[in-house]
Amino acid sequence: MANDANRELLKLAAFDDEELEAFLPRWKKTAEKLKLTDEIIDFSVNTYIPENWDIKYLGVRKMLGAYLRELADICSTPELKEQGVKIVYGILPAIANYYYAAKNAGGDKIFIGFPDLMLVNTLNSFFHSAAPFLFEAEKYGFTYGCRHCPLNKMRVAAYVTGTIAAPDLIWSWGFNCDEGPKTDEMIQGITGKQWKYHVSRVPHDSRFDENEDMMETRLKFMCDQMKLGVEAISEATGFAISDEDMIAANKDTGRIGFKVGMLTNLATTADPPVLGGEVLTMMQQVLTVPFNTGFSYMEEAIDILTKEIKACIKKGEGVMPKGTPRVGFYNVPFCVPWVGKFFRDNGVIISFSHALTLSKRQMSASKYPDDPWMSAAETWSRNGMCMNLNGETTSIIEKIEACHPDGMILGFFDFDRWLGAQQKIIAKLVQDRIGLPSYYIEADFWDDRDYSPESLKTRIESVCQIINMRKAQESEN
Amino acid sequence: MKEILQGLDKLSSARPLELAKKKKEGKKIVEFFGDYVPEQWINAAGAESYLICKGGDPQPPEATLDYMLRFMNPLAATMAGSYLLGLDAVMPIADSVVIQQHDCHYGRMSEILEYKGLPVFKVGVPADYTVGISQEYYRQELREFREKLEELVGHPISDDAIRANYAKTNQINELLRKIDELRKQDNSPITFSDFIRLNHYTLRVDYDTSIEALTKIYAELKNAPGVHKDGAPRILIMGRAVALGDYIVPSIIENAGGSIVCEFLDEAIRPFRNDISTEGDVIDAYAAAMYDNKVPQCIFQPAWDTRYVNLQKLIEEYRIDGILWYQLAFDEIYDMEYTCLSKWLGETKTPIMKLETSYEYSREAMAPLTTRLESFVESIKEAK
């Protein structure tokens with residue numbers, strides 16, 4: 001059993017025979033580095049992944065494969081760096097297009113990735129195994145009691161354990177949180193200046209009566225910050241990022257964005273429900289997190305899944321019964337996938353994530369069609385997560401009206417003083433403005449160490465009871 | 001000095017009532033937070049300014065829990081919580097509540113006030129203060145603030161009036177620096193508890209009253225004997241803030257025989273080491289003094305190397321025996337700075353103790369707190 005665990009994992013992740021044999025040695029090395037023992041992998045293959053992910057779809061298994069490939073790339077950065085490959089990291093949230101453009105400029109001579117996210121995400125979503133790294137970061141001074149972000153903890157831990165290389169440059173976007181960019185200063189402080197970073201900061205200074213995408217001075221400042229970031233990458237890597245590189249990256253993300261949008265639309269409107277929001281969110285992520293392996297693996301997964309979903313809809317099949325109530329999330333906690341299972345066990349399915357679903361405003365024409373930088377700043381400013389609380393609430397309501405959930409779940413961001421702080425008020429505002437039941441759950445999106453499954457289970461049961469009752473009443477009426 | 005302090009305390013406490021009267025007389029009231037909001041301009045506009053700088057009470061932060069994440073620092077939460085509890089007498093009558101936006105804690109707490117319908121105005125302060133475009137952005141934010149003030153009072157603000165106020169705050173700074181200099185003596189003639197109170201009073205009462213009081217206090221202190229026991233361990237207190245009303249920890253240290261002779265605090269203290277030029281463009285003068293060239297706040301980036309250099313300078317100048325790291329609960333960026341500083345200080349063998357506060361000073365909390373602080377003072381004494 002144990003000897004075949006890695007092979008079984010790759011089979012589950014839909015590697016074909018040839019690919020599997022070629023990738024297996026790299027994967028074994030990756031697993032060893034990440035302390036993914038045969039027992040852990042065996043548990044994942046036979047229990048954790050089947051229980052929490054819709055693996056009946058080939059597209060979902062292909063998605064798993066895309067993440068495993070990315071993980072292997074990230075863990076090989078120390079060797080890549082030795083070979084002269086330039087290492088460029090970033091942090092969430094950022095506009096991934098710039099990193100993809102850097103990849104277009106440098107090809108195999110440049111590595112791009114958000115290592116902390118990819119490590120926490122893949123390790124917890126599929127193996128429930130990020131905790132040892134998080135404990136390691138706590139030993140290095142990311143104290144447990146202060147509610148730091150698990151992504152930042154992972155960045156420290158992955159570096160001090162030699163799992164990832166020091167970057168030639170990490171371009172840390174500080175357009176949202178403070179802790180993300182300051183983590184790079186902390187890594188320098190405790191390990192030395194070989195950890196090279198560039199930060200971009202924009203203050204949260206829009207008022208409730210202002211729309212960020214209409215604030216010209218702020219947009220200009222943001223676009224100048226982006227220009228400085230791209231210049232810093234070019235300087236650190238020696239690869240100039242041309243307009244063509246940028247256009248190609250925009251074209252790729254535009255294409256994938258369209259496909260993901262189609263899939264989201266299919267999945268969120270199908271009855272019976274055909275797919276959980278966890279998968280959609282994981283697939284949408286390729287647009288916001290640069291994959292060094294590129295788009296091809298995820299695009300293949302999206303294409304296959306779309307066909308499978310269409311077939312299911314045609315046959316009237318789903319993963320839950322017809323009429324199952326749906327809940328939207330601020331951001332679906334795909335790193336704690338058992339949350340989705342708890343909802344399903346209580347007769348409710350998670351349908352969509354506000355954070356990664358595009359609003360009409362995000363998809364509307366740019367005021368700056370001839371200026372890609374201003375247009376990028378405008379795009380950023382139209383994202384609900386980058387607005388003030390009032391604008392974000394409006395954006396969430398717009399998405400609710402498009403996706404028709406029976407309830408909204410806010411929370412799971414208790415580590416974030418920007419994206420997590422305001423969600424209680426948003427829950428109140430959504431309920432007040434459109435009467436949709438909205439709940440705030442204090443929990444951590446990335447890391448489930450602090451919240452026992454039992455206590456969350458009770459909370460989720462209660463929420464589901466109310467949503468089910470309300471749905472039943474609506475049906476009777 | 002005691003009488004002068006008592007007088008200032010009375011004036012400071014009476015300030016909200018004074019503002020209510022002035023409001024009736026037609027004056028505009030501007031409550032504000034932060035060094036990056038120029039109070040001198042508010043006063044030059046003929047409006048009345050009132051700084052948000054209270055802390056030390058656990059109830060206001062608790063009042064924000066219906067609205068906001070639990071893990072916010074209690075000082076920022078006090079700003080919104082005091083309003084929610086009806087404990088901020090000025091905010092309900094303020095014509096504008098101006099809050100600097102330099103970190104997420106204040107950013108989100110400002111939004112509770114907006115949610116409650118208060119007339120909030122924001123001054124953006126980019127954290128990457130060494131970058132040219134950020135320096136320009138802050139200046140632009142200041143220009144917009146000036147326009148806002150002019151709109152509020154209905155007339156232009158004269159540059160000369162602003163410069164006159166710069167001159168007055170420079171004078172207050174100079175007097176505070178003179179008093180501060182006395183703390184470098186073997187035995188300081190003023191406790192930290194009095195020094196920080198004095199500082200807070202100057203943020204509340206008008207400039208001329210502050211200047212007069214500080215002049216008298218300096219005259220009294222310059223030849224006064226020390227207030228501590230000889231050889232008392234010399235302590236530096238560092239962190240975000242010792243807010244107005246948050247005086248318990250310094251008192252415990254002093255009662256235990258420690259002498260806090262220096263502070264390295266970012267907020268709720270007059271920036272008395274930084275004078276503002278009374279020459280040239282008034283916006284540029286303010287930004288240069290308070291943003292470009294001041295020792296960076298913890299949240300700024302890069303900051304910690306520069307702050308460590310400044311800390312070493314203070315350690316040397318004030319002959320510091322130990323550092324009290326006074327951290328607000330859930331203040332994540334200060335927590336990270338502590339990790340770096342404690343590592344660097346470990347290399348120089350300077351003792352440092354981290355104390356986190358959620359403003360919980362109940363009877364149950366006081367005993368272990370006192371024991372910890374007493375042990376810290378004792379350990380420094382022994383090391384001396």
Side-chain angles (χ1 to χ4, degrees), chain A residues 140-143 145-149 152 156 172 174 176-179 181-186 188-190 193 197-210 217-218 220-221 224-225 227-228 388-390 411 413-425 428-429 440 442, chain B residues 65-73 100-112 114-115 120-129 131 133-134 136-138 140-141 144 298-305 308 327 329-344 356:
Chain A
Y140 271 82
F142 247 131
T143 59
C146 199
R147 297 305 300 147
H148 290 287
C149 173
N152 297 327
V156 171
S172 283
N176 272 7
C177 80
D178 298 322
E179 187 180 303
K182 288 298 271 189
T183 298
D184 297 306
E185 192 168 355
M186 179 175 164
Q188 274 199 351
I190 58 179
K193 301 282 181 194
Y197 72 84
H198 174 87
V199 295
S200 302
R201 303 300 308 267
V202 175
H204 295 290
D205 49 7
S206 68
R207 297 187 306 270
F208 276 19
D209 59 354
E210 291 176 307
T217 308
R218 194 167 185 271
K220 177 74 174 61
F221 177 54
D224 287 344
Q225 287 282 22
K227 283 179 187 171
L228 288 180
N388 64 55
L389 187 163
N390 194 42
F413 269 73
D414 72 355
F415 50 86
D416 194 317
R417 273 73 174 181
W418 186 250
L419 291 176
Q422 84 293 16
Q423 295 193 24
K424 284 183 190 172
I425 302 187
K428 282 179 205 288
L429 284 170
Y440 174 81
E442 184 181 295
Chain B
L65 295 182
D66 276 353
Y67 303 89
M68 209 45 71
L69 181 69
R70 200 152 56 92
F71 306 117
M72 305 300 275
N73 88 54
Q100 70 183 33
Q101 301 296 311
H102 68 311
D103 79 1
C104 293
H105 293 270
Y106 283 98
R108 285 305 190 192
M109 288 299 165
S110 308
E111 292 194 323
I112 294 185
E114 285 185 285
Y115 173 69
V120 172
F121 186 85
K122 299 177 180 178
V123 175
V125 186
D128 48 352
Y129 74 111
V131 179
I133 56 170
S134 296
E136 177 46 37
Y137 185 81
Y138 174 56
Q140 177 57 30
E141 288 290 289
E144 286 177 20
C298 172
I299 191 73
F300 282 10
Q301 191 164 3
W304 298 336
D305 281 346
Y308 183 58
Q327 187 177 305
F330 307 123
D331 215 359
E332 79 285 19
I333 308 301
Y334 285 85
D335 195 55
M336 292 158 74
E337 183 181 26
Y338 173 78
T339 294
C340 296
L341 272 190
S342 59
K343 179 178 184 286
W344 301 333
E356 276 188 70

Inset, instruction - Might you work through the side chain to side chain contact (heavy atoms under 4.5 Å, CB included) test for A:Phe221 and B:Gln140, ending with a clear yes or no? - result: CA-CA 11 Å; A:Phe221 177 54; B:Gln140 177 57 30; over 6 Å; no
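- With a 4.5 Å cut-off on non-hydrogen atoms, A:Val202 does not touch chain B at all.
- Across all non-hydrogen atoms, the minimal contact from B:Met68 to A:Ala421 is SD-O, 2.9 Å.
- If you tally non-hydrogen atom pairs under 4.5 Å between each of A:Ser200, A:Gly174, A:Ser206 and chain B, the highest count goes to A:Ser206.
- Contact check for B:Pro302 versus A:Tyr197: side-chain heavy atoms found under the 4.5 Å cut-off.
- The residue among B:Val125, B:Asn73, B:Ile133 with the most heavy atom pairs within less than 4.5 Å of chain A is B:Ile133.
- Nearest heavy atom pair, residue A:Arg207 against residue B:Val120, reads CD-O, 3.1 Å.
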Inset, instruction - Would you sort out whether A:Leu389 and B:Tyr67 count as a side chain to side chain contact (heavy atoms under 4.5 Å, CB included), showing the intermediate values? - result: CA-CA 12 Å; A:Leu389 187 163; B:Tyr67 303 89; over 6 Å; no
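- Formation of a donor-acceptor pair under 3.5 Å by the A:Arg417 side chain with backbone atoms of B:Asp103 is not found in this model.
- With chain A as the partner, the residue from B:Gln101, B:His105, B:Glu111 showing the most heavy-atom pairs under 4.5 Å is B:Glu111.
- Distance CG/A:Asp224 to OH/B:Tyr137: 11.5 Å, rounded to 0.5 Å.
- Shortest non-hydrogen contact noted between A:Lys182 and B:Cys298 is NZ-O, 2.7 Å.
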Inset, instruction - Give the intermediate values and the outcome of side chain to side chain contact (heavy atoms under 4.5 Å, CB included) for residues A:Thr183 and B:Met336. - result: CA-CA 8 Å; A:Thr183 298; B:Met336 292 158 74; 3.5 Å; yes
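- For B:Ala303, the parts lying under 4.5 angstrom from a heavy atom of chain A are both the backbone and the side chain.
- Of all the heavy atoms in B:Glu144 and A:Thr217, the pair that sits closest is OE2-OG1, 4.4 Å.
- Contact count versus chain A (heavy atoms, under 4.5 Å) is highest, among B:Phe330, B:Trp304, B:Tyr308, for B:Trp304.
- A:Glu179 places no side-chain N or O within 3.5 Å of a backbone atom of B:Glu332 that could act as its donor or acceptor partner.
- For A:Asp209, no part lies under 4.5 angstrom from a heavy atom of chain B.
- Under the 3.5 Å distance criterion, with hydrogens and angles disregarded, a donor-acceptor pair is assigned to the side chains of B:Asp128 and A:Gln225.
- Between the OH atom of A:Tyr140 and the NZ atom of B:Lys343 there is a distance of 10.0 Å, given to the nearest 0.5 Å.
- With chain A as the partner, the residue from B:Glu114, B:Gln327, B:Glu136 showing the most heavy-atom pairs under 4.5 Å is B:Glu114.
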Inset, instruction - Walk me through it: do B:Asp335 and A:His148 pass the test side chain to side chain contact (heavy atoms under 4.5 Å, CB included)? - result: CA-CA 9 Å; B:Asp335 195 55; A:His148 290 287; 2.7 Å; yes
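- Summarising the geometry of B:Cys104 relative to A:Cys177, their closest heavy-atom pair is SG-CA, 4.0 Å, with the distance given to 0.1 Å.
- Taking 4.0 Å as the cut-off between side-chain N and carboxylate O, A:Lys193 and B:Asp305 count as a salt-bridged pair.
- Counting heavy-atom pairs closer than 4.5 Å to chain A, the top residue among B:Arg70, B:Gln100, B:Met109 is B:Arg70.
- Side-chain contact between B:Phe71 and A:Glu442 is present, with at least one heavy-atom pair separated by less than 4.5 Å.
- Looking at B:Glu141, the atoms closer than 4.5 Å to chain A (heavy atoms on both sides) all sit in the side chain, from C-beta outward.
- Looking at B:Phe300, the atoms closer than 4.5 Å to chain A (heavy atoms on both sides) all sit in the backbone: N, CA, C or O.
- For chain B, no part of A:Asn152 is nearby; none of its heavy atoms comes within less than 4.5 Å.
- Of the listed residues (A:Phe415, A:Tyr440, A:Trp418), just one forms a side chain to side chain contact (heavy atoms under 4.5 Å, CB included) with B:Leu69, and that residue is A:Tyr440.
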